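All values derive from a computational prediction rather than experimental measurement.
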Amino acid sequence: MKKFSVFSKSFALSTKAGLAFLFVLMCTNLVLSQTASNESGWYLTSYSFKDGSMQKESVLMGTSSKMKDVVSFKGDKGNIEITHNRNDLASGKLLAGVTYQVTWTDPPAILEPGTKSSFDYE
């Protein structure tokens, strides 16, 4: 019985020490994860453009003719033109095509809690 009580005391002490360590660790992480700004909210930190341009050859359905799809993206932040053309590979003739002009405004630099924010796009 005495061994059990010694085991219980050492287990309780090690459990308390472990919990105290976890508490200190959690408090440290909370302090380190705070932002340097005094205002709360969401911040736009970066912007990147992924160019989705591509070219692909395939067979025109129901025929033995080959066609080539060409998708291209042109422009920059706030104003991009997306073009998708399908051409007959042998003659180069345009079979189908579409062009989209996509424009938008940037959201505010900070999105504050409780404030409605928006941006426009066409």
Shortest non-hydrogen contact between [X] and [Y], atoms and distance:
X: V98; Y: N85; answer: N-OD1, 4.1 Å
X: I80; Y: F73; answer: CG2-CD2, 4.1 Å
X: D69; Y: S58; answer: OD2-OG, 4.4 Å

Answer whether the closest heavy-atom distance between the side chains of V70 and H84 falls below 4.5 Å.
no

Tell me, do S65 and V59 make a side-chain contact under 4.5 Å, heavy atoms counted?
no

Starting at [atom1] of [X], measure out to [atom2] of [Y] and round the result to the nearest 0.5 Å.
X: M67; Y: L94; atom1: CE; atom2: CG; answer: 12.5 Å
X: K68; Y: N87; atom1: NZ; atom2: CG; answer: 8.0 Å
X: I82; Y: Q101; atom1: CD1; atom2: CD; answer: 9.0 Å
X: E81; Y: D76; atom1: CD; atom2: CG; answer: 13.5 Å
X: S72; Y: Q55; atom1: OG; atom2: CD; answer: 9.0 Å

Are M54 and V102 linked, directly or through intermediate hydrophobic residues, by side-chain heavy-atom contacts shorter than 4.5 Å (ILVMFWY only)?
yes

Is there a donor-acceptor contact under 3.5 Å from the side chain of D51 to the main chain of S53?
yes

